[in-house]
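Let me begin by presenting the structure, written as structure tokens, before commenting on it.
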Amino acid sequence: MQFIESTAMGVRSAVITLGRRSTPLTFVLFPMVHVGRRSFYDEVASRASACDLIVAEGGPDAPPAQARMARLRWDDQVDQLNALDLESLGVPIIWEGGDTRPAEERARDREARSTRDRILETAVDSAFALGLRALGRYGDPRDHPGVDQVDMHDRWVPEGGIGGFLERKILAERDRRLVRTLGTIHRERHHEPVKVAVVWGAAHMTAVVDALRTDFRYVVRHAEWITVTGH
């Protein structure tokens, strides 16, 4: 199944709805490219706002150094960190890290941290920002031929033994956590007529579709391309 199409004309993402004949719950997949036109993120936000629950990658607060790095652009693109504010939609969100606290409580927690913890957090955030730029996280998606490159900061691992370790820990484990979350939602709410938006990087969507099809017999009901960038 194709989630991202990259051609000379630009990049498109396939919004895919999966459902089952016997139960009313549906999953709406938004394969994310993390750099694109602002109109792409506006379209994702508009469609996700019509859902009853959002399962989202990352956490509710963008790390400051990574957000600043994402704003350093010299083209007509924007970064998802700065362009997509899911919390503003008023839809319940299950974040990857499991943080469900309101923004005010998260802010109080940050203020209460020790100076040492803040310095360590800043150092880690800065290192990740530099590392992600080196891996292409902030690059123009029009420079990449396909999903493995468009979302390569999620897929990339070095050759050799350490590569297998990182593959298991960074990508495969995140896929497993996401699939477990969706499985829990299915078991608890499959009898409800709700739409669940899955807003995650495109590199993770193969695992999602495979699990929903194999474990719970979901099938594709609808698919539609939306433009990430280009004509």
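The minimum heavy-atom distance between V179 and A207, with the atom names listed, is CG2-O, 3.8 Å. For the residue pair L53 and P92, the shortest heavy atom distance occurs at CD1-O, 3.4 Å. Taking each heavy atom of S6 and V11 in turn, the nearest pair found is OG-CG2, 3.8 Å. Smallest separation of non-hydrogen atoms from Q2 and A14: O-CB, 3.9 Å. Closest of all the heavy-atom pairs between G19 and R221 is CA-NE, 3.6 Å. Residues C51 and K195 come closest through the heavy atom pair CB-O, 3.4 Å.
Of the inter-residue distances, the one linking Y41 atom OH with R38 atom CZ reads 10.0 Å to the nearest 0.5 angstrom. Once rounded to the nearest 0.5 Å, the distance linking OG1 of T181 with CZ of R176 reads 13.0 Å. One finds the CG atom of L18 at 6.0 Å from the CG atom of L212 (value rounded to the nearest 0.5 Å). Between M1 atom CE and T206 atom OG1 the span is 9.0 Å, to the nearest 0.5 Å. Note that CG of D215 and CZ of R187 are 8.5 Å apart. Values are rounded to the nearest 0.5 Å.
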*Go through E87 and I93 one step at a time and tell me if the side-chain contact (heavy atoms from CB on, under 4.5 Å) criterion holds.*
CA-CA 8 Å; E87 283 201 305; I93 303 174; 4.1 Å; yes
*Apply side-chain contact (heavy atoms from CB on, under 4.5 Å) to the pair V196 and V28, showing each step before the final yes or no.*
CA-CA 6 Å; V196 179; V28 184; over 6 Å; no
*Please lay out, stage by stage, how W225 and E5 fare under the test side-chain contact (heavy atoms from CB on, under 4.5 Å).*
CA-CA 9 Å; W225 290 111; E5 180 187 71; 3.6 Å; yes
*For side-chain contact (heavy atoms from CB on, under 4.5 Å), just list the numbers for D52 and V91, CA-CA rounded to whole Å, side-chain angles, deciding distance to a tenth of an Å, and then say yes or no.*
CA-CA 6 Å; D52 304 285; V91 178; 5.9 Å; no
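Of the possible polar contacts, none joining the T214 side chain to the A211 backbone as a donor-acceptor pair under 3.5 Å is found. Checked by atom type and distance alone, the side chain of T7 pairs as donor or acceptor with a backbone atom of M9 at under 3.5 Å.
In summary, the aromatic rings of F27 and H186 are positioned with their centroids too far apart to meet the 6.0 Å limit.
Contact check for V35 versus Q80: no side-chain heavy atoms found under the 4.5 Å cut-off. Within the 4.5 Å cutoff, the side chain of V199 has heavy atoms near those of the L84 side chain. Looking at L182 and V55, their side chains come closer than 4.5 Å, going by heavy atoms from C-beta outward. With a 4.5 Å cut-off on side-chain heavy atoms, F216 and H190 do not count as touching. Between H204 and E57 there is a side-chain heavy-atom pair separated by less than 4.5 Å. Residues V208 and L29 form a side-chain contact, since some pair of their non-hydrogen atoms from C-beta on lies under 4.5 Å apart. Looking only at side-chain heavy atoms (C-beta outward), V33 and I4 come within less than 4.5 Å of each other. Within the 4.5 Å cutoff, the side chain of V44 has heavy atoms near those of the M32 side chain.
Shown here are the salt bridge (Lys or Arg N to Asp or Glu O under 4.0 Å) partners of R217, two or more places apart in sequence or in another chain: there are none.
Geometric assessment of R20 against the ring of Y218 yields a positive cation-pi assignment under the 6.0 Å and 45° thresholds.
Between E224 and R47 there is a salt bridge, since at least one side-chain N of the basic residue sits less than 4.0 Å from a carboxylate O of the acidic one. Under the 4.0 Å criterion applied to side-chain N and carboxylate O atoms, R180 and E173 are assigned as salt-bridge partners.
M205 pairs with exactly one of I16, D210, V198 by the side chain to side chain contact (heavy atoms under 4.5 Å, CB included) rule, that one being V198.
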